[in-house]
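Everything on this sheet refers to the single structure shown next.
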There are 2 protein chains.
Amino acid sequence: MVSKTVVTAFQSAGHDHQRCLEDALAYAAETCARRGVRLTRLREQVLRLVWGNHEPVKAYDLLESLRRDHEGAAPPTVYRALDFLLKEGLIHRIESLNAYIGCGDPSSPHTGQFLICRKCNSVAELNDPEIGELIASKTKQIGFKMDHQTIELSGICPKCSG
Amino acid sequence: MVSKTVVTAFQSAGHDHQRCLEDALAYAAETCARRGVRLTRLREQVLRLVWGNHEPVKAYDLLESLRRDHEGAAPPTVYRALDFLLKEGLIHRIESLNAYIGCGDPSSPHTGQFLICRKCNSVAELNDPEIGELIASKTKQIGFKMDHQTIELSGICPKCSG
DNA sequence: CAATTAATGTAATGTTATAACATCGACCCA
DNA sequence: TGGGTCGATGTTATAACATTACATTAATTG
Ligand SMILES: [Zn+2]
Ligand SMILES: [Zn+2]
Ligand SMILES: [Zn+2]
Ligand SMILES: [Zn+2]
């Protein structure tokens with residue numbers, strides 16, 4: 001998969017999410033295999049839950065879902081899986097929501113630029129190099145050595161404003 | 001005060017923070033008076049504590065400080081004051097740190113772009129129109145009606161890398 | 001098959017934030 | 001000046017988010 005500016009678009013009505021989900025899981029499995037890290041049953045299940053839709057998911061909601069077929073799940077169960085998935089770039093954390101969302105392109109590490117619809121809660125992810133580079137150059141000008149960007153944009157998505 | 005790109009710079013060694021603090025408080029008082037809102041003793045005290053230095057401050061640290069001369073302070077005491085100060089644009093919330101920092105230019109509402117040093121914890125605030133407008137134009141292109149930006153950049157400040 | 005390390009289980013606790021209702025105090029207007 | 005109104009604060013409890021610490025189990029390696 002080649003790097004793209006719109007990593008995950010706002011989804012249209014006809015979106016085949018079952019397919020979208022299975023693709024993401026297959027791609028994650030492949031990515032982990034290539035890297036020699038273990039996408040265990042538990043981690044895969046959490047990833048599947050995060051990918052349940054295109055909305056950010058909260059840790060304790062994941063915990064509740066997880067408990068449906070994983071009786072002993074506790075907060076560390078979820079947070080450890082999330083830490084792994086974050087580290088491998090399979091999901092992103094949305095700081096302004098304390099929530100997590102699947103990444104459509106874990107091939108190369110990136111921080112992403114998130115468009116969050118405050119009406120329907122859906123999220124699109126950009127990885128726009130112009131934005132990243134403009135910010136990098138502006139911060140460099142004032143002597144700042146940037147190593148991470150958090151960019152979260154709140155508003156109304158095309159579907160909700162249409 | 002005219003709008004500036006670097007709202008709050010990284011501070012140099014000789015920085016007269018006492019002066020900086022008093023200016024900010026005076027400016028806040030003036031701004032509130034102009035708007036007809038009440039910068040009460042409590043709110044001013046919280047603002048003073050947030051402006052204690054150029055590092056983000058956590059709500060429960062504020063609470064602890066506040067209790068030194070305000071015996072009955074409880075979480076709502078702090079959070080209500082913070083809500084007021086946020087609404088009036090006198091402080092900003094740093095989402096990635098769950099912390100709060102004074103705004104050097106509350107004259108016009110803005111969201112700010114924060115440079116956060118992960119070594120010394122100091123923060124600089126930009127309000128760079130090029131960044132804001134590039135992001136606005138990119139998001140508009142895909143039909144997103146943006147109404148709020150969260151931009152938080154982590155790295156090493158000039159003082160710490162020098 | 002032991003030894004080692006990674007992953008998960010389990011209990012407790014720490015940290016951040018809000019809800020709900022009571023009281024107080026500033027301000028306005030008879 | 002007294003009473004009404006509304007914004008601000010007090011107070012108690014709890015919700016929501018996250019980590020520590022230590023025990024146990026599973027995978028990997030020699
Ligand atoms: Zn989908
Ligand atoms: Zn991504
Ligand atoms: Zn200062
Ligand atoms: Zn500001």
Side-chain angles (χ1 to χ4, degrees), chain A residues 28-29 32-50 55-88 90-101 116 121 150 152, chain B residues 28-29 32-33 35-50 55-88 90-101 121 150 152:
Chain A
C32 288
R34 189 168 357 94
R35 293 178 189 165
V37 297
R38 293 171 55 202
L39 186 62
T40 60
R41 192 174 152 64
L42 181 59
R43 290 166 174 173
E44 188 185 28
Q45 195 170 4
V46 171
L47 180 58
R48 180 184 291 276
L49 291 169
V50 172
E55 300 175 25
V57 184
K58 308 217 141 212
Y60 275 71
D61 290 344
L62 286 171
L63 178 55
E64 200 187 330
S65 304
L66 194 57
R67 276 177 167 155
R68 287 204 239 293
D69 53 10
H70 191 101
E71 189 169 336
T77 313
V78 165
Y79 282 105
R80 283 170 185 151
L82 290 172
D83 285 347
F84 170 84
L85 298 170
L86 284 167
K87 190 166 148 205
E88 297 302 328
L90 300 169
I91 63 172
H92 294 287
R93 177 177 158 83
I94 307 294
E95 298 290 348
S96 57
L97 297 175
N98 296 331
Y100 305 84
I101 192 151
I116 305 164
N121 300 125
T150 297
E152 299 173 8
Chain B
C32 288
R35 293 179 188 165
V37 297
R38 294 171 55 200
L39 185 61
T40 61
R41 196 174 149 63
L42 181 60
R43 290 166 172 173
E44 188 185 28
Q45 196 170 3
V46 170
L47 180 58
R48 180 182 292 275
L49 291 169
V50 171
E55 300 175 24
V57 185
K58 308 216 141 214
Y60 277 72
D61 290 343
L62 286 171
L63 179 54
E64 199 186 333
S65 305
L66 194 57
R67 278 178 166 153
R68 288 203 240 292
D69 52 10
H70 190 102
E71 188 170 335
T77 313
V78 166
Y79 281 104
R80 284 168 183 153
L82 290 172
D83 286 346
F84 170 85
L85 298 170
L86 285 167
K87 189 166 148 204
E88 296 303 326
L90 299 169
I91 63 173
H92 293 287
R93 177 176 159 83
I94 308 294
E95 298 291 348
S96 57
L97 298 174
N98 294 332
Y100 305 84
I101 191 149
N121 299 125
T150 297
E152 299 174 7

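Each chain gets a letter, A, B and so on, in the order its sequence line appears, and its residues count up from 1.
The side-chain contact (heavy atoms from CB on, under 4.5 Å) test with B:I91 singles out one residue from B:L85, B:V57, B:V46, and that residue is B:L85.
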Practice problem: Would you please test B:F84 and B:L39 for side-chain contact (heavy atoms from CB on, under 4.5 Å) and show each step? | Solution: CA-CA 9 Å; B:F84 170 85; B:L39 185 61; 4.1 Å; yes
Practice problem: Please test A:Q45 against A:D69 for side-chain contact (heavy atoms from CB on, under 4.5 Å), starting from the C-alpha separation and ending with a verdict. | Solution: CA-CA 10 Å; A:Q45 195 170 4; A:D69 53 10; 2.6 Å; yes
Quiz item: Can you check side-chain contact (heavy atoms from CB on, under 4.5 Å) on A:R67 and A:L63, steps first, answer last?
Solution: CA-CA 6 Å; A:R67 276 177 167 155; A:L63 178 55; 4.1 Å; yes
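Between atom CZ of residue B:R43 and atom CG of residue B:D83 there is a gap of 10.0 Å, rounded to the nearest 0.5 Å. Interatomic distance, B:T150 OG1 to A:I116 CD1, rounded to the nearest 0.5 Å: 7.0 Å.
A pairwise comparison of heavy atoms in B:T77 and B:H70 identifies CG2-NE2, 4.3 Å as the closest pair. Nearest heavy atoms, A:I101 versus A:P56: CD1-N, 3.9 Å.
Distance A:L39 CG to C:dT8 C1': 15 Å, rounded to the nearest Å. Here D:dT9 presents its P atom at 18 Å from CD of B:E71, a figure rounded to the nearest Å. The CG atom of B:L63 sits 15 Å away from the C1' atom of C:dG14 (whole-angstrom rounding). One can place CG of B:L82 at 15 Å from P of D:dA8, the figure rounded to the nearest angstrom.
Under the salt bridge (Lys or Arg N to Asp or Glu O under 4.0 Å) criterion, A:R34 pairs with A:E30, sequence neighbours left out. Residues passing the salt bridge (Lys or Arg N to Asp or Glu O under 4.0 Å) test with B:E88, sequence neighbours excluded: B:R35. Remark: A:E152 pairs with no residue by the salt bridge (Lys or Arg N to Asp or Glu O under 4.0 Å) rule, at least two apart or across chains.
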Between the protein and nucleotides 22-28 of chain D, list every N/O to N/O distance that falls short of 3.5 Å.
none

Kindly give the atom pairs (protein nitrogen or oxygen, nucleotide nitrogen or oxygen) under 3.5 Å for nucleotides 12-18 of chain D.
residue: D:dC17; atom: OP1; partner: A:K58; partner atom: NZ; Å: 2.5
residue: D:dA18; atom: OP1; partner: A:R93; partner atom: NH1; Å: 2.7
residue: D:dA18; atom: OP1; partner: A:R93; partner atom: NH2; Å: 2.8
residue: D:dA18; atom: OP2; partner: A:Y79; partner atom: OH; Å: 3.1
residue: D:dA18; atom: N7; partner: A:Y60; partner atom: OH; Å: 2.6
residue: D:dA18; atom: N6; partner: A:Y60; partner atom: OH; Å: 3.3

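Applying a 4.0 Å cut-off to non-hydrogen atoms, the residues of residues 40-47 of chain B that approach DNA chain D are B:T40, B:L42, B:R43, listed by residue number.
Here A:H70 does not reach the OP1 or OP2 of C:dT8: none of its side-chain N or O atoms lies under 4.0 Å away.
With the nearest nucleotide of DNA chain D identified for both B:F84 and B:G72, B:F84 has the one nearer the 5' end.
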